[in-house]
Each structure stands twice: as structure tokens, then as C-alpha cells.
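Side chains included, hydrogens not; waters and symmetry mates left out as well; all remaining heavy atoms used.
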Protein chains: 2
Amino acid sequence: MTLTAPAPQPGSSAPGLGDLSIAEVAERLGISAHTLRYYEREGLLLRPVGRASSSHRRYTEADLTWLGFLTKLRLTAMPIARIKEYAELVRRDATGEDTEPERLALLRDHRTAVLAQLDQITQSLAAIDFKIASYEERNTPS
Amino acid sequence: MTLTAPAPQPGSSAPGLGDLSIAEVAERLGISAHTLRYYEREGLLLRPVGRASSSHRRYTEADLTWLGFLTKLRLTAMPIARIKEYAELVRRDATGEDTEPERLALLRDHRTAVLAQLDQITQSLAAIDFKIASYEERNTPS
DNA sequence: GTTTGACTTAGAGCGCACTCGAAGTTCTAT
DNA sequence: ATAGAACTTCGAGTGCGCTCTAAGTCAAAC
């Protein structure tokens, strides 16, 4: 485990020496290496992951940033297929096309869904709290 | 669809005339009739559902109350197996045994999980909002 | 009386998101 | 030099929570 990372110049896109192994990325993101390979296979990444001479994956900071955002989309229950669409838009953008309006729309839609999600969970939590309180009350005949 | 429900006396446990069909319950809870039967099969209900002379299910208010709580547990991602445990505790309680401490512990555990869930979602939402804001900014060159 | 439609059962099927297995290669440490 | 851990690919397997199908019953509407 090499911890001396010689600060890659920001904006570099080719894999360099400060890059991370799949296990390191997995740990940082709190997901498994299996899952990382799965996401890659499913076309969720923005560009091919770099490889070391040994053909082992080497993730750049940019990869990490995207994967971090991706996991936040997953944590808020965005389906894999939807994330894939988003990734495709980003890739199309890199070819000169302007897909920002679509990306913005997609994120706004998702935002709405997340707010609804939060609402449902919060309301359910209130019911659970109420039940807990009623149990506690009963066990505290004072 | 009979909407004139002659207010069942509260506390009644035997199926009566004001009871609801599976379709009515499904609609009220926002789940499918298929799902309701599935929950029943899985042993998530507190006692056998009443039947009309036609052998069609008739849900009491008490059934509805429990199913309402159960859907809130589901909405907060409690696994079916865990809900089943909880239901079993409630049923054991009805036999004279006191399972309240266990039920309280189970709900408290779940509450903790829900809070963590809310936290993760909220943090992810912040990242999504940040991204949305950065897109909007770029499209507003003033 | 016949049709329509909601209900019943038992069991199979499905979609999603991983998760694992096998067999082979490569890195790291001694 | 060699052992063991970590990586590679490809494809299959798993777990969860529904979701649907088929064949049949029953009640109400026309």
C-alpha cells in the first residue's frame, strides 16, 4: 500500500502514479471491488479506467469524483439504468454536443423523487417514534 | 363499492359488516392486492384475516391499523423477515407472554437505522443540489 | 340465465442489484 | 525463488420483494 502520492496536477486525465487500486477505491467509497467492476461493465463510467502495466485497474482522482457522485445517486435510489443515461449524456458532452439541459432535467427530476422519499421516510419515522413512545410510557408507570 | 360503513364499535376483533375488501385496503394503503396476499402468506399479519361467506377477505379496522404501520416499516426499508419477527412478538404477547421489551428494542434498533438512512439521503441530496446549482450557474452567464 | 368482474388458491416467474466462483496472472514480502 | 495476497475475466448464481398466471368460485347486472 503506497501512501506517498506525488499530487497529480489537477485536470490530468491520463492515469498517473498517484492513482488508486480497485481495493483502495472500494474502501473509500464503501462498496465492494465486485460492485466497482459491475458498474464499469454496465457502462456507468465516463471513460475507460486506466490500467497499470500489469493490467490492474488504476483509478484517477477524476474517476473517484465521479464514482463518489454515482454512489450518492445510488444511495438515493436512482436505478442503475438511469445513472447509465446520465453517464451517456456526460460522454456525449465530451464529443462537443451540449447535453447540459438534459442532464439538468434528469437531476431535477431525481431531486423531486428524493424529496418525496425523504418525506415518506420522515412521516414513517414519526409513526415509529410514536409507537416507541407509547411502549416507553407503558413501561414507566411512574 | 359500499361506502356506507356503519361505524364498527372500536375494539371489535371479529369481522363485521363495516369491513373492507382486499381491493379497498390495497387502495387505501397504496399497495397491490397481490402484495397484501403475499404479506399474509409470509406471516406478517397478527391474526387470520376474516372471510365473508364467499370466502373473500374482509379486513377490520384493526387489520388496517396494523397494515398501515407495517407499510411504514417497509417504507423505511425494514426487511420482510424483520417485520415477521415483530409480528411474531405481538402474537406471542397475545398469549399472555410479555414481549414488549423485545418489541421496543427492535423498534429502537430500526429507528437508529432510519436516522442513518435519513442522514445518508440528506447528504446525497446536498451533493445533487450542488451539482444542479453548478449547472444552473453555468447557464446563467448573467 | 348469462355475462362480467372481483375474488380465491397454488405456484411459477421476474427485475434489480449485486455477489460469487473458477481459473489464471501478477505483485509483495521473505 | 517462492509463497500468498491481490488482481484479472467471464459467466453463473443469489436474495429480495414482489408480480403474475391459471384455473376456478361467486355475486351482482342485464
| task | Send over the distance from Ile31(B) CD1 to dC18(D) C1', rounded to a whole Å. | result | 11 Å

Do any N or O atoms of the protein come closer than 3.5 Å to N or O atoms of nucleotides 4-6 of chain D, and which pairs are they?
none

| query | Considering residues at least two apart in sequence or located in another chain, which fulfil the side-chain hydrogen bond (donor to acceptor under 3.5 Å, both in side chains) criterion with Ser54(A)? | reply | none

| Arg58(A) has an atom CZ; how far is it from atom C1' of dC7(D), in whole Å? | 9 Å

| task | Could you tell me the separation between the CG atom of Leu36(B) and the P atom of dT19(D), rounded to a whole number of Å? | result | 12 Å

| message | Among residues at least two apart in sequence or on other chains, which ones pass side-chain hydrogen bond (donor to acceptor under 3.5 Å, both in side chains) with Gln120(B)? | response | none

| message | Once side-chain hydrogen bond (donor to acceptor under 3.5 Å, both in side chains) is applied, do any residues pair with Glu100(A), and if so which ones, sequence neighbours excluded? | response | Arg138(B)

| task | Would you mind reading off the distance between Leu44(B) atom CG and dC16(D) atom P, rounded to a whole angstrom? | result | 14 Å

| request: Could you name each residue pair satisfying side-chain hydrogen bond (donor to acceptor under 3.5 Å, both in side chains) that touches residues 104-114 of chain A, not counting sequence neighbours? | output: Thr76(A)-His110(A), Arg108(A)-Glu136(B), Arg111(A)-Asp129(B)

| request: Mind checking side-chain hydrogen bond (donor to acceptor under 3.5 Å, both in side chains) for Thr71(A) and listing every partner two or more places apart, or none if nothing turns up? | output: none

| message | Below 4.0 angstrom, which residues in residues 106-124 of chain A have at least one non-hydrogen atom near DNA chain D? | response | none

| query | For Tyr38(B), which residues count as a side-chain contact (heavy atoms from CB on, under 4.5 Å) partner, sequence neighbours excluded? | reply | Arg41(B), Glu42(B), Ile80(B)

| Quick one: ring-ring contact (aromatic ring centres under 6.0 Å, His included) partners of Tyr135(B), sequence neighbours excluded? | none

| note | Residues at least two apart in sequence or cross-chain that pass side-chain contact (heavy atoms from CB on, under 4.5 Å) with Arg37(B), listed by chain then number, are Ile22(B), Ala33(B), His34(B), Arg57(B)

| remark: Under a 4.0 Å heavy-atom criterion, the protein footprint on nucleotides 9-18 of chain C, written with B, S and -, is B-B-----BB

| said: I need the minimum non-hydrogen distance between Gly43(A) and Lys84(A), along with the two atoms involved. | reply: O-CG, 4.1 Å

| query | Got a sec, which residues hit salt bridge (Lys or Arg N to Asp or Glu O under 4.0 Å) with Arg74(B), two or more places apart in sequence or on another chain? | reply | none

